[in-house]
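We use all heavy atoms of the structure for the numbers below, so side chains are in, but hydrogens, waters and symmetry mates are not. Starting from 1, each residue takes its place in the sequence as its number.
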Amino acid sequence: MERGKTTHRALVDELLEHKTRDCWNALIPGMNAIPGALAVCISNEGDESSIVLHEEYDAALEAA
């Protein structure tokens, strides 16, 4: 079985377009094993269908 490449840095543009967690769930858990890994997400507000944007925003506010 071939393993994917390790992601140390990720830039996610237009997070508001992510209507499911498929991409997020493929990217972030693998980065958790990398010390100093960084994911930067850039987006506008989006609407009620911007699932990932709003869930991650709410989680960030709670963590802060």
Side-chain angles (χ1 to χ4, degrees):
M1 183 165 104
E2 187 173 324
R3 192 174 158 243
K5 294 187 177 193
T6 301
T7 304
H8 294 270
R9 304 283 183 269
L11 175 61
V12 181
D13 190 16
E14 298 297 348
L15 191 59
L16 68 99
E17 296 296 334
H18 293 241
K19 308 303 182 198
T20 69
R21 298 190 68 83
D22 294 346
C23 179
W24 189 266
N25 291 344
L27 176 66
I28 301 303
M31 293 180 75
N32 287 338
I34 309 298
L38 175 68
V40 176
C41 302
I42 302 170
S43 192
N44 291 330
E45 172 63 27
D47 59 21
E48 63 277 350
S49 68
S50 302
I51 303 297
V52 179
L53 171 67
H54 293 292
E55 288 178 353
E56 294 304 319
Y57 177 80
D58 292 344
L61 285 179
E62 188 174 315

For residues 30-44, which residue pairs pass the salt bridge (Lys or Arg N to Asp or Glu O under 4.0 Å) check, not counting sequence neighbours? none

With sequence neighbours excluded, residues passing side chain to side chain contact (heavy atoms under 4.5 Å, CB included) with A26: none

Non-hydrogen atoms of E14 and H18 that approach each other most closely: O-CD2, 3.7 Å

Other ILVMFWY residues reachable from L61 by side-chain steps of under 4.5 Å: Y57

V12 and I51: same hydrophobic cluster, using ILVMFWY side-chain contacts below 4.5 Å? no

Any W24 side-chain heavy atom under 4.5 Å of E55 side chain: no

Any chance you could pull the hydrophobic cluster mates of I42, using side-chain heavy atoms under 4.5 angstrom and chaining through other members? L11, L38, V40

Which heavy atom in A10 sits nearest to a heavy atom in L27, and how many Å separate them? CB-CD2, 3.8 Å

Which heavy atom of L16 sits nearest a heavy atom of G46, and at what distance? CB-CA, 3.8 Å

List the residues meeting side chain to side chain donor-acceptor pair (under 3.5 Å) with S49, not counting sequence neighbours, and say none if there are none. K19, D47

Under the side-chain hydrogen bond (donor to acceptor under 3.5 Å, both in side chains) rule, what pairs show up with a residue in residues 29-45, not counting sequence neighbours? none

